[in-house]
2 protein chains.
Amino acid sequence: MGRMDTPATTRPTAPSHLTIGEVARRARVGIDTIRYYEREGLLPPSPRRASGYRDFGGDTVERLRFIRRAKDLGFSLGEIRELLALSSDRERGVRDVKRRAQARLAGIEERIRELQSVRRGLKQLIAACPGHGPLEHCPILRALGGEDRA
Amino acid sequence: MGRMDTPATTRPTAPSHLTIGEVARRARVGIDTIRYYEREGLLPPSPRRASGYRDFGGDTVERLRFIRRAKDLGFSLGEIRELLALSSDRERGVRDVKRRAQARLAGIEERIRELQSVRRGLKQLIAACPGHGPLEHCPILRALGGEDRA
DNA sequence: CTAACCCCTGGACCATGGTCCAGAGTCAAG
DNA sequence: CTTGACTCTGGACCATGGTCCAGGGGTTAG
């Protein structure tokens with residue numbers, strides 16, 4: 001049965017009875033990864049068929065895609081779990097969800113600032129490096145090897 | 001994050017017989033980390049005293065600082081091992097070091113762009129979220145794929 | 001009914017980058 | 001000489017993010 005590809009043009013229409021393998025193909029992750037995410041609390045424990053097989057709904061595919069995208073962007077699974085937790089926190093409500101999203105935003109902005117600082121430093125070093133000549137004159141090596149000046 | 005500037009003027013004289021503990025304190029890394037780096041080939045096997053104690057020269061301290069700073073710039077230990085090899089390669093050293101620094105810079109800039117994209121999306125969601133009312137109307141939750149069926 | 005799949009669990013294993021520990025030897029001060 | 005701080009080794013352990021395997025059972029087409 002060569003259903004390797006989801007049509008992609010048509011609406012996924014979330015069929016509500018998928019096996020773990022079908023979910024894995026649709027979300028483009030490994031089967032073991034799905035079970036791992038379940039263990040780690042990134043996916044809720046799925047309902048089971050009489051056989052013990054996991055019985056997923058199409059929303060799981062969405063959730064896995066979200067996880068994959070977030071992971072590609074450098075979020076840790078812990079961070080992703082937190083992002084996902086925003087969507088199941090009926091107790092504390094929208095207000096808390098918004099507050100936590102803002103906290104996450106602040107974290108992202110902090111990380112951006114750090115990386116920008118690194119980028120500035122690296123850019124300067126590269127600009128100052130002639131790309132040839134004696135090692136002693138390479139500003140990159142000198143910066144890395146220099147004394148601490150805290 | 002490490003400083004980028006090079007003093008280059010002072011060479012506060014590396015004492016040439018340091019124990020691993022003295023090196024660790026000077027380089028601000030753990031003793032175990034030094035032994036780990038030696039095992040991993042980031043430090044050459046140190047000479048030993050008659051007792052078996054490692055006997056470091058002050059250059060090791062500089063090398064460790066180099067490693068720490070490169071790590072701060074996002075180089076992996078594997079990449080750092082290569083950088084260290086280049087830094088003692090008179091033929092290709094400077095040119096390759098510059099190239100690798102440029103590659104690292106490109107990686108950092110890529111990550112910055114990704115995070116900025118995330119930030120934009122998250123900002124929009126936060127702006128659109130009223131901060132109260134039913135969860136179903138929260139744009140943040142809707143964007144994340146919403147419901148949890150447990 | 002029998003293949004050929006699929007799925008289940010628990011646990012081992014991988015890389016990365018360390019950190020810690022036990023048991024034994026070394027070194028310097030008092 | 002004793003004490004306490006230091007060092008040695010090999011190996012266990014940690015977190016992260018999976019991946020694979022054995023030994024079972026489920027399911028489906030021919």
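By convention in this document, chain letters (A, B, ...) are assigned in the order of the sequence lines, proteins followed by strands, and residues within each chain are numbered from 1.
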| note | Between B:Ser51 and B:Gly78, whichever has its closest DNA chain C nucleotide further toward 5' is B:Gly78
| note | 5'-most contact on DNA chain C (nearest-nucleotide basis), B:Leu77 vs B:Arg49, goes to B:Leu77
| Picking from D:dG17, D:dT7, C:dC7, which would you name as closest to the side chain of B:Ile31? | D:dT7
| task | Please tell me which of B:Arg54 and B:Arg39 maps to the more 5' nucleotide of DNA chain D, matching each residue to the nucleotide holding its nearest heavy atom. | result | B:Arg54
| Which residue lies toward the 5' end of DNA chain D, B:Arg25 or B:Arg48, if each is placed at its nearest nucleotide? | B:Arg25
| Polar side-chain contact B:Tyr53-C:dC27 base: donor and acceptor under 3.5 Å | no
| query | Between B:Arg68 (side chain) and B:Ala27 (backbone), is there a donor-acceptor pair under 3.5 Å? | reply | yes
Let me know the distance between [atom1] of [X] and [atom2] of [N], rounded to the nearest Å.
| X | N | atom1 | atom2 | answer |
| --- | --- | --- | --- | --- |
| A:Tyr36 | D:dA15 | OH | P | 11 Å |
| A:Leu43 | D:dG18 | CG | P | 12 Å |
| A:Ile34 | D:dG17 | CD1 | C1' | 15 Å |

Under-4.0 Å side-chain N/O to phosphate OP1/OP2 contact, [X] with [N]:
| X | N | answer |
| --- | --- | --- |
| A:Lys71 | D:dG18 | yes |
| B:Thr19 | D:dC6 | no |
| B:Thr33 | C:dT19 | yes |
| A:Tyr37 | D:dG18 | yes |

About how many Å separate [atom2] of [Y] and [atom1] of [X], when rounded to the nearest 0.5 Å?
| X | Y | atom1 | atom2 | answer |
| --- | --- | --- | --- | --- |
| A:Leu77 | A:Glu40 | CG | CD | 7.5 Å |
| B:Ile20 | B:Ser46 | CD1 | OG | 8.0 Å |
| B:His17 | B:Glu22 | NE2 | CD | 11.5 Å |

| Across the strands shown, which category fits A:Arg35 at heavy-atom distances under 4.0 angstrom: base, sugar-phosphate, nothing? | base
